[in-house]
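Here is the structure we will look at, set down as structure tokens.
When a residue number appears, it is its place in the shown sequence, counting from 1. Counting convention: from 1, in listed order, for ligands and their atoms alike.
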Amino acid sequence: MTINNELLAKFEGKCWHKTTNEYPFRCAICGQSETDWQGWFICPHNPDYSTSPADRERLWFFLVRDKKEMYYEFHEWAEFNYGQGMYRIDFDIWLMLPMPYNSIPEWLLLLQEWLELPEVVERFGWEECSTCESKGGTSVLGFTVVCPKCNGSGKVRAEWAKCVKEGR
Ligand SMILES: [Zn+2]
Ligand SMILES: [Zn+2]
């Protein structure tokens, strides 16, 4: 299993930067740019969770602090599916250990596998509709105008959830 950096970055609420073709280079989606050591404008780098311990650490704390409910469910799922037998006792420590033959920690692969489960996408893969502010529509002269973006549900697919669907 390879790490889907785009999925994980979007789960963190980050833009998955795509560079413009012409100088000054910047991200074509969010418009941000950075300068390199020579002062040239470049598109910001995307995180690489498989090689960068700093990116992994930030992702882990985002999950544990900001997405507590998801963390508890992920933990329960991981423990149930992978935490049997010899790993049972120190499961939290085991979660943080690197894989035996590469530098990717076990928890990163498990988190990705969990995020890609259809039931997880269905349960957590939504965000508030920004067009109607989750009201589902507006009332005009007694008629209800259904929001075209969310179809009146008040919810839209989270970016990371779209990423799972596209990946299939
Ligand atoms: Zn961007
Ligand atoms: Zn809406």
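For Lys10 and Glu6, the salt-bridge test passes: some basic side-chain N is under 4.0 Å from an acidic carboxylate O.
Put simply, Cys43 stays out of reach of the Zn ion (ligand 1), with no N, O or S atom under 2.8 Å from it.
Tyr71 and Phe74 have tilted rings, their planes meeting at an angle from 30° to 60° on a 0 to 90° scale. Between Trp77 and Trp114, the angle of the ring planes lies from 30° to 60°, which puts this pair in the tilted group.
Of all N, O or S atoms in His17, the one lying closest to the Zn ion (ligand 1) is ND1.
Side-chain contact check for Asn21 and Thr19: no donor-acceptor pair (N or O, by modelled atom type) lies under 3.5 Å.
Draw a line from the Zn ion (ligand 2) to SG of Cys150 and another to SG of Cys129, and the angle between them is 110° (to 10°). Between the SG atom of Cys27 and the SG atom of Cys15, the angle centred on the Zn ion (ligand 1) amounts to 110° when rounded to 10°.
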